[in-house]
Amino acid sequence: MAYVDDYPDAAKVVRANFGVAFAALSIGGIFGLIQAVHRTGFFRGLINSTDYYTVLTGHGVLLALVFTTFFIAGLFTWGVTNSLERSLPNPRLTWSWFLVMLVGTILATVSILGGFVPELPLSADVLFTFYPPLQASPVFYVGAALLIVGSWIAGLDWFLAYWGWRKDNDGERIPLQTFMVLTTMIMWYVSTVGVAVEVVVFLIPWSLGLISEVDPLLTRTLFWYFGHPVVYFWLMPAYFVWYTILPKLAGGRLLSDTLARVVFVLFVILSTPVGFHHQYVDPGIPEGFKFIAMTNTMFLLLPSLLTAFTVVASMEHGARQRGGKGYLSWLWKLPWDNPAFSGCALAGIMFAAGGFSGMINAGMNINYLIHNTLWVPGHFHLTVGTAAALTFMAVSYWLVPQITGKRLQHRTLATVQPYVWFIGMTLMSNAMHRAGLAGVPRRTAEPEYNVVDATFPNVVGGMGEMQLQIVLGGTILFVALSMFMTVMIGTWLAERGRGTLSVNSHLPPALSGPESSPRVLDNLKLWAAIAIVLILIAYGPPLAGMLGDGIFAPGTPGFPV
Amino acid sequence: MSEDAGPTVSRRGLLRGAAGTAIAAGGVAAVGTAAGQSGVDFDGWFSDVSNFDGVVDRRGQGEVTVEVGVEGNGDYWAFGPAAVRVDPGTTVVFEWTGEGSAHNVVAENDGYSSGDPVREAGTTFEHTFEETGISKYYCDPHLAVGMKGAIVVGDMGAGADAGGGSPGGISLSEGAWLLVGSLGLAVASPLLFAAFLRYRRGGGPSGPSEETREQLQRVDEVDQGPPRAEEAPVEKPETTIEHDEYDPSGTLSLVLGYLVLVVLLWVFMYFVEFLGRGPTVIG
Amino acid sequence: MEIHRFEKVWIAIALLLIVGFIATIAYGALGPGVKMVDASGGTIDPEAVAAGESGTAFDDPGVRQTGPNEYDVYVVARQFQFAPGTSQPIEVPAGSTVTFHITSPDVTHGFNIAGTNVNTMVIPGQVAELTVDFDETASYGIVCHEYCGGGHHTMEGTIEVVPQAEYDGPGGS
Ligand code: HEM
Ligand SMILES: [Cu+2]
Ligand SMILES: [Cu+2]
């Protein structure tokens, strides 16, 4: 009996979500490759440089927003039903959020792709951050809003399942996976308010011509109110996998249930009052607010550093249970040939590197060094682009057989795929970091100087060497992505229910279980309240300052792109 | 005017078909120049101007209007029309549309200039062209995206088709279709591959692997109802280690190693790369 | 609550690391005196800047001398040009203290003197104000590092820090 037989309805929902996620991943990956060859000057014949920004918008939206959100929705649907051992309460509600998200995605995607066809009135070359006064077609903003609204309903669906479970299980601890889903969603509700206000109150009416002007700094601030928590919305599901599935894949058990809960609570509390760290070099924001955001951000390192310990220790536990010995030689006892394991582990290693470049980003004044340079994409391809994306791919090798009832196909391909991704990302990301230190900007079709006579300063490694590594890395990444898609589609189309699945779903309990962790950790209302108070402290005064001269001032009309 | 437009359009039709191939063959489509064509030789001036569509004949008019900020070059970054032919002594009135942010008009040979870029719709700037020849001009902020124009004064090269453009505007559109096509193909390719695999499994002689076939048989024997997935057996640990007997010493050494690395890199980045380099904001 | 003693050690070290980071940043602000761009530049009506009627120095951007070895540089960053910076370089003498005032009449831009730590966003409605010491003769490229429309990749400029002796005063706009 696998998940697909126990919860056939939920399995269908998970499959639908994964299907959309993987389609977005494929298209986004092709765009990524185009960017890599275009911006390095390797091959610019496929698109012209103005269309580069259409491609880049597609890449950012499809990968950072669509792929992640749909995959997470599928993963969380599985996590809630699996750990509560009950199906979702209302199938109609479940399909309605999926449809709302899907319609939103289609609207946004169509309006972005419309940018390729100048004859069409649709276009949305605004990048996934859509800063006004760059103005997209209203279709894009409506699509983005629907995607978020759909995710809200999804959260409600999971909460309803939890409340139903609570009625029958009074006094019990929230199962760990459900706890992680609920805390993630609390953070999501609190933080998406920012972008929802930005889009619904300002951008949609403005793009429809109902209001003539918006305040660029205010809308930007609302975006980043949401923009940092969203990176935790990508990361917490990866942590969910690392805490609850990875130990099992390694042959061990989670070291501590308590610390896992503490980590997620810290994320709820600290993820939002840090958004100004994306605006360290914005004019119009007093330095004091930036400093507060910086200290909060630094303390937000704590849950990730704790995670590093707990997760590695759980893997070590597995290795030792498999007969591993010595200080470090146990590492060889880990199942490196199981792609679900190796993908998560390699994602974790890359996250350690991305964590370091994130510490630099977080360092307020040192942010001058790298702000908006290629360093930044170098950083987040290690975090969302690998820690989250590679973990999602890896867990698919384990989960997709369970939700389809089909044996994983092309196992050899799957076994090497995480390593191929790792190599590609090592090449692309390190070169991006170094090029950033030379001042090469991000989000630029032709980063070389064409109009004026200047050159970028020399850094370790020449510009040519870095460009080559970016192209090579990007190509290898694309190959890894194609391998993943081949395995997934092959599995999806394989025959159902024949033979044993190559996986089993048993998740062993933590070494130190919930019985020894304080009950207050499960008090979700308390943590939500603390989060809101901290947000009011961090955002109240600066927002009041920006609103002081009127909500639309200083205002600018739209510049359609 | 219409005599000019006719042949231009039909040649473009041909180009349209060829452009896709040309782009695929290495993006050489943008090189189309006036080589070998009669008419006015703009010397590549219009090679990156998407709205250039031959020279529009406005001879016989004392005053000619050129719009500043018409659609082209990816936004409202174009002069409309991009190239006009006037009689000597004609006054050309440049009239701002208000679209596409701030523009100006600057002669390539510095002979005239409207000054700093402005955006205001209805702004005008006039210049009277006395000497025969080609006067090229551009918009300063949007020169690099191809906001360029030219006034052809007099009859030079008239009658024949004025070439010199390139399928810049077309290549954009063609590139788009090519992109959409290749995207579709790329997305579909794993699907096709998987469909092929399935087809082969279903009917082909190679069929499922040895291992799968055995399992299939086993399942077929047991299973009469709807197919059910059977999970792999749970992996049994070699030794079982409980919480109190477990010291993650390897983990501690790994995280401490990471810590040392991070501290060293931080010091290097902060004091060498950041504070050690060039001007910094101090106020 | 069962927390392994190694994990307690790690929590303590992690907190120490965090405090160390914050201390380094505070040192950077207090010691070498690195300042963040802030609200000191005030706000401005972007449409007035676009029309050249803001009643400020942005109507005639360029370099101004404000004291011995002190200069103000007003820069208008617009789609796709720094004025001054793109058509003609920004020229200042070595050994001077320069305060940049930068704003945008249209969309959000970036201003980064590549290879230095002079880096700011340029947001319509806001004036970015940054003071910088240029000690040595040098020639720098400026890049717009925020996507600002289809010609973003062409938005570049230069700044020339020339020897004191060769500097012949602010050339105006
Ligand atoms: C095939 C693999 C990939 C390649 C070759 C690739 C390549 C690139 C490149 C070269 C850029 C920089 C563009 C620029 O700033 O000019 C970029 C940006 C970006 N990538 Fe990727 N990428 C890949 C996968 C991913 C994945 C898996 C994610 C996230 C899940 C991702 C998220 C992003 C985001 C959010 C941006 C920034 C977009 C923006 O600045 O608006 N990428 N990518
Ligand atoms: Cu222009
Ligand atoms: Cu720009």
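By convention in this document, chain letters (A, B, ...) are assigned in the order of the sequence lines, proteins followed by strands, and residues within each chain are numbered from 1. These numbers come from a predicted model, not from an experiment. Side chains are part of it too, since the values below use all heavy atoms of this structure and drop only hydrogens, waters and symmetry mates.
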Those residues of residues 65-78 of chain C that come under 4.5 Å of chain B on a heavy-atom basis, listed by number, are C:Arg78
Neighbour count >12 (heavy atoms, 6.0 Å) for atom CD, B:Glu108: yes
C:Asn117: side chain to side chain donor-acceptor pair (under 3.5 Å) partners, not counting sequence neighbours: B:Thr280
Could you report the tightest heavy-atom contact between C:Gln79 and B:Pro141, atom names first, then the distance? O-CB, 3.3 Å
Quick one: does any side-chain atom of C:His4 pair with a main-chain N or O of B:Tyr246 as donor and acceptor, under 3.5 Å? yes
Turns out that what part of C:Thr24 lies under 4.5 Å from chain B's heavy atoms comes down to both
Can you establish whether the number of heavy atoms outside B:Glu131 located under 6.0 Å from its atom CD is more than 12? no
C:Ala29, C:Gly20, C:Ala138, C:Gly115: which one forms the most heavy-atom pairs within less than 4.5 Å of chain B? C:Gly115
To the nearest 0.5 Å, what is the distance between CG on B:Asp140 and CZ on C:Phe80? 13.5 Å
Report which part of C:Leu17 has an atom under 4.5 Å of a heavy atom belonging to chain B: side chain, backbone, both, or neither. side chain
Within the supplied structure, the quantity of interest is the number of heavy atoms (other residues, nucleotides, ligands) at a distance under 6.0 Å from C:Glu136 CD; does it exceed 12? no
Under 4.5 Å from any heavy atom of chain B - which part of C:Phe100: neither
Parallel under 30°, tilted from 30 to 60°, perpendicular over 60°: which one fits the rings of C:Phe21 and B:Trp266? tilted
Which value, rounded to the nearest 0.5 Å, describes the distance between C:Asp133 atom CG and B:Ile282 atom CD1? 3.5 Å
Please classify the contact of B:Val267 with chain C as side chain, backbone, both or neither, using a heavy-atom distance under 4.5 Å. neither
Looking at B:Asp247, B:Leu252, B:Thr123, B:Leu143, which has the largest count of heavy-atom pairs under 4.5 Å with chain C? B:Asp247
Select one option (side chain, backbone, both, neither) describing which atoms of C:Glu129 are under 4.5 Å from chain B's heavy atoms. backbone
How far apart are the closest heavy atoms of C:Val118 and B:Pro279, and which atoms are they? CG2-O, 3.7 Å
Less than 4.5 Å apart, any side-chain heavy atom of B:Phe274 and any of C:Val34? yes
Nearest heavy-atom neighbours spanning C:Gly28 and B:Tyr270: CA-OH, 3.3 Å
Correct closest heavy-atom pair for B:Leu275 and C:Tyr27 would be CD1-CE2, 4.1 Å
What part of C:Ile25 is in contact with chain B, defined as an atom under 4.5 angstrom from a non-hydrogen atom: side chain, backbone, both or neither? both
Would you indicate whether the side-chain heavy atoms of B:Val281 and C:Thr120 approach each other to under 4.5 Å? no
